[in-house]
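Below you'll find the structure, written out as structure tokens, and then a few comments.
Sequence positions, counted from 1, serve as the residue numbers for this chain. Remember, it's a predicted structure, so these values are computed and weren't measured experimentally.
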Amino acid sequence: MTGMTSAPAEHPSTTGNLAEGFEPDRGYAVTLVVRTSNDHHLQPPLELPDGMSAVIDGPEVVLDVPVRAVNASTALAEAQAKVTDLMMVLATTFCGYEFVVDNRQSTRRTDAVYQPDGPPPPFDVAEGGISEAGASWLDPDGTARRAGRVLTFRANGFVTHPPAQDVRRFAGRESWPPQLRSGLRLFHAAQNSRDEIVEFTLTAAALEVLANIDETLAIATLPDREQDRLRRALTALLDDFNFTTAERTRLHSRLLDTRARGSAQAIRDYLNKHEVTIAPGDLRWWQRKRGGYLHDGSFDDDPPRRYRLRHAVGKCLAAELDTFVTDLPVPQATEHNPDDCR
């Protein structure tokens, strides 16, 4: 747990005489730290709008972000969203910044006013949580709560992973085909992504690579004479409708570019080959969300479905790697669920 943080009062209290259920905006200052993951560093000064300030220290930037929000956790989320937008802009000039979470990250009130009357208000918690009993133990006389202190509880956890299976699979690396290496590269990049939607997109791409989707066109299964007849028939059919020339051309190309075997069936067959069972509707959701995100940036999240994709691809990759190791015994170990590593 990190300590309690606060700021001196600067503005009148906004907590009195409010309609029931109305939560006022409060003033917060959030300190966030980012560090570049490559060799592109910013040159000071970094002058930012909206009252934000920044101190550049080599590969790191310490930012103070003023926010008005209903509570500390919302303030932290809004400040992180602002800084994420900044990092995405910096990435366009090849500066790859990412968050550093340590004791320097803090959230504090900037307009808290001591409330001497009535019972102590609940603690304003930026990270983590605290029960009523815990609040009474930590702040027995209510002084901290009356002063508008912000609490941060931050715990770091990890999962130990037995490496015997990984070492066994690594031993077969000389025999890995290019397609497996490509799938591994995409999955590795996904596991190292700090953005869950980017992780999902890379994982879905890895599955498509591994499934080895057949690009043979449906028209190619016909004899040459039949192909010519189909092209003429399509042209005549489309001419009967009120399409523009560009629309007719796109429809004609789309129909003729249809694969003989759909990607969904190829992926389903690949999963079945490795005895990976998926929930009804998952495959369609994976493909639709990946396509939507890459085409128009839309993404309605469903975390359990994202996790199931990661588990399915991890299991398929393990099965693929196992086929290239035949000279070492298989260690006896409990099955590891990749979902435990998040």
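Listed by chain and residue number, D300 satisfy the salt bridge (charged side-chain N to carboxylate O under 4.0 Å, His left out) test with K289 (two or more places apart in sequence, or in another chain). In this structure F200 satisfies the ring pair (Phe, Tyr, Trp, His ring centres under 6.0 Å) test together with W285, F299, sequence neighbours excluded. Residues passing the salt bridge (charged side-chain N to carboxylate O under 4.0 Å, His left out) test with D239 are R248, sequence neighbours excluded. By the side-chain contact (heavy atoms from CB on, under 4.5 Å) test, A126 pairs with A72, T107, V150, T152, sequence neighbours left out.
Evaluation of the salt bridge (charged side-chain N to carboxylate O under 4.0 Å, His left out) test over residues 180-192, restricted to residues two or more places apart or in two chains, returns none. Within the structure, every pair that satisfies the salt bridge (charged side-chain N to carboxylate O under 4.0 Å, His left out) test and touches residues 115-136, not counting sequence neighbours, is listed here: R26-D124, E127-R154. Listed by first then second residue, pairs satisfying salt bridge (charged side-chain N to carboxylate O under 4.0 Å, His left out) with a partner in residues 75-89 number zero, not counting sequence neighbours. Judged as a salt bridge (charged side-chain N to carboxylate O under 4.0 Å, His left out), the pairs with a partner in residues 274-284 (not counting sequence neighbours) are, in order, D282-R305, D282-R308. Identified under the side-chain hydrogen bond (donor to acceptor under 3.5 Å, both in side chains) test for residues 29-50, with sequence neighbours left out: T31-D64, T31-R108, R35-E60, T36-N38.
Using a 4.0 Å cut-off between charged nitrogen and carboxylate oxygen, R194 and E199 do not count as a salt-bridge pair.
Hydrophobic cluster membership of V100, counting Ile, Leu, Val, Met, Phe, Trp and Tyr whose side-chain heavy atoms lie under 4.5 Å apart directly or via other members: V33, V62. Under the 4.5 angstrom side-chain criterion for Ile, Leu, Val, Met, Phe, Trp and Tyr, V89 has no cluster partners at all.
Remark: R149 is not positioned above the aromatic ring of F123, lacking an NZ or CZ atom under 6.0 angstrom from the ring centre and at most 45 degrees off the axis.
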Take R225 and D228, measure what salt bridge (charged side-chain N to carboxylate O under 4.0 Å, His left out) needs, and give me the verdict at the end. CA-CA 5 Å; R225 179 177 296 179; D228 291 339; over 6 Å; no
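If you check the side chains of N71 and S73, you find a donor sitting under 3.5 Å from an acceptor.
Shown here is R104, whose CZ atom has more than 12 heavy atoms of other residues, nucleotides or ligands within 6.0 Å.
The main-chain N or O of G118 is found under 3.5 Å from a side-chain atom of R146 such that the two form a donor-acceptor pair.
Cluster annotation: V55 is not connected to Y97 through the hydrophobic network of ILVMFWY side chains, with a link wherever side-chain heavy atoms come within less than 4.5 Å. No single ILVMFWY cluster, assembled from side-chain heavy atoms under 4.5 Å apart, contains both Y28 and L48.
For Y307 and H311, the ring centers are positioned 6.0 Å apart or more.
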Contacts under 3.5 angstrom, residues 171-179 side chains, donor-acceptor by atom type, not counting sequence neighbours:
unit_1: W176; atom_1: NE1; unit_2: G172; atom_2: O; d: 3.3
unit_1: Q179; atom_1: NE2; unit_2: V209; atom_2: O; d: 2.9
unit_1: Q179; atom_1: NE2; unit_2: L210; atom_2: O; d: 3.1

